[in-house]
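Note sheet for the following structure.
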Amino acid sequence: GALLLFGVLVPMVAYFQQTPAQSKDEKPEKAAKADSTKATVVAWNGKAEYVGDDICKGCHGEVGDKWQKTRHGQALTHAGLSKEARTCETCHGPGSEHANDDSHKKIYNPASLPAKDVVKRCQPCHASTVKPLEWAASGHGGNEVACSKCHDLHNPTKTAHLLKQESPTGCLSCHKKQNAEFRRNSHHPVLEGRLNCTDCHNPHTPMGIGKNLKATGENLCLKCHPNR
């Protein structure tokens with residue numbers, strides 16, 4: 001019995017210690033670029049120090065001024081927070097090497113990072129609303145949609161939640177099929193403004209089968225159709 005158990009466990013351990021194979025759909029050059037970017041981030045992050053937003057605004061003054069007017073800026077510049085928790089470096093990481101590097105690349109730049117790494121930067125502050133496991137299982141998370149795809153982090157917006165575009169405009173810019181379906185004779189009155197995507201969907205949770213629904217089955221539909 002012991003020999004049989006040993007014979008089963010050893011191959012299993014060896015299997016899970018293997019490096020995951022590259023996806024068939026992943027282009028080698030794309031994978032190499034992502035790995036290179038990640039390696040660069042790890043290399044500088046251990047040595048960089050916090051310098052404060054005054055140093056950042058020396059080059060990024062316009063961006064800094066706009067950011068301070070956003071909900072992020074207003075919250076993070078609160079007097080009770082430490083320097084590390086209320087500057088550009090909260091999201092971009094310590095900036096000393098970035099400021100002293102002629103190429104100005106040694107910094108966390110969400111535009112050049114994979115979506116999963118962008119999400120990791122946001123979740124520590126937003127864990128109560130964007131729970132890591134739920135996000136990973138959601139349609140957006142599974143398709144590696146970065147937070148910055150929908151949210152504008154640097155510019156003050158007139159929309160709630162720093163959205164680049166309010167729903168349904170923002171949602172339908174990606175969901176072309178649903179955009180067409182709302183023009184059928186029989187459809188939910190989303191384009192008419194009587195119903196919103198977020199009335200039924202939560203973009204951060206996996207409820208439903210790939211639909212990010214706020215509830216499942218009749219529990220959701222009967223809120224609007226109690227007599228059906």
Side-chain angles (χ1 to χ4, degrees), residues 19-73 75-77 83-127 129-130 132 135-136 138-157 159 161-165 170-171 173-174 203-204:
T19 301
Q22 182 176 308
S23 171
K24 294 181 180 179
D25 298 329
E26 186 176 21
K27 296 181 180 180
E29 61 271 22
K30 182 177 180 181
K33 181 178 180 181
D35 290 342
S36 174
T37 302
K38 189 173 182 181
T40 302
V41 169
V42 172
W44 65 258
N45 191 41
K47 297 181 292 183
E49 297 178 352
Y50 289 95
V51 295
D53 56 358
D54 287 340
I55 297 296
C56 302
K57 290 175 69 174
C59 293
H60 306 285
E62 184 177 352
V63 174
D65 289 340
K66 288 182 178 179
W67 177 80
Q68 287 185 328
K69 297 176 182 178
T70 68
R71 293 180 69 181
H72 272 159
L76 294 175
T77 52
K83 180 178 71 174
E84 292 82 358
R86 58 181 171 83
T87 69
C88 313
E89 296 162 297
T90 304
C91 300
H92 290 285
S96 62
E97 291 200 3
H98 172 68
N100 296 322
D101 177 39
D102 291 337
S103 66
H104 301 299
K105 292 182 179 180
K106 295 182 178 181
I107 197 76
Y108 277 104
N109 181 4
S112 64
L113 293 175
K116 62 181 180 179
D117 290 336
V118 176
V119 174
K120 287 179 181 178
R121 305 297 293 176
C122 303
Q123 281 182 333
C125 291
H126 298 280
T129 53
V130 186
W135 171 257
S138 72
H140 286 144
N143 286 290
E144 296 191 0
V145 177
C147 308
S148 51
K149 178 70 175 179
C150 300
H151 301 279
D152 191 333
L153 309 181
H154 286 144
N155 299 296
T157 65
T159 63
H161 310 299
L162 297 179
L163 290 172
K164 292 180 177 179
Q165 293 179 303
C171 304
S173 65
C174 288
H204 300 130

If you round to the nearest 0.5 Å, how far is [atom2] of [Y] from [atom1] of [X]?
| X | Y | atom1 | atom2 | value |
| --- | --- | --- | --- | --- |
| H98 | C88 | NE2 | SG | 9.5 Å |
| H92 | L153 | NE2 | CG | 8.0 Å |
| L76 | C125 | CG | SG | 6.5 Å |
| R121 | C147 | CZ | SG | 12.0 Å |
| C91 | I107 | SG | CD1 | 11.0 Å |
| K106 | S96 | NZ | OG | 10.0 Å |

statement: Residues T70 and L162: closest non-hydrogen pair is CB-CD2, 4.2 Å

message: If I compare all heavy atoms of G93 with all of Y108, which pair ends up nearest, and what's the gap?
response: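 In this case the closest contact between G93 and Y108 is CA-CD1, 4.1 Å.
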
Quick one: does [X]'s side chain have a donor or acceptor within less than 3.5 Å of a partner on [Y]'s backbone?
| X | Y | result |
| --- | --- | --- |
| E89 | D53 | no |
| K164 | S148 | yes |
| D101 | E97 | no |

message: Just so I know, are the side chains of S173 and Q165 near enough to count as touching, which here means a heavy-atom distance under 4.5 Å?
response: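 Yes, at least one pair of side-chain atoms sits under 4.5 Å.
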
message: What I'd like to find out is whether the side chain of D65 reaches to under 4.5 Å of the side chain of K57, using heavy atoms alone.
response: yes

field: Pairs satisfying salt bridge (Lys or Arg N to Asp or Glu O under 4.0 Å), at least one member in residues 140-152, at least two apart
entry: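 Of all non-adjacent pairs touching residues 140-152, none passes salt bridge (Lys or Arg N to Asp or Glu O under 4.0 Å).
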
task: Fit a plane to each ring of W135 and H140, take the angle between them on a 0 to 90° scale, and name the class: parallel (under 30°), tilted (30 to 60°) or perpendicular (over 60°).
output: tilted

- prompt: Relative to each other, are the rings of H151 and H204 parallel, tilted or perpendicular (30° and 60° limits)?
  reply: parallel

statement: Hits for ring-ring contact (aromatic ring centres under 6.0 Å, His included) against H126, two or more places apart or cross-chain, chain-then-number order -> H72

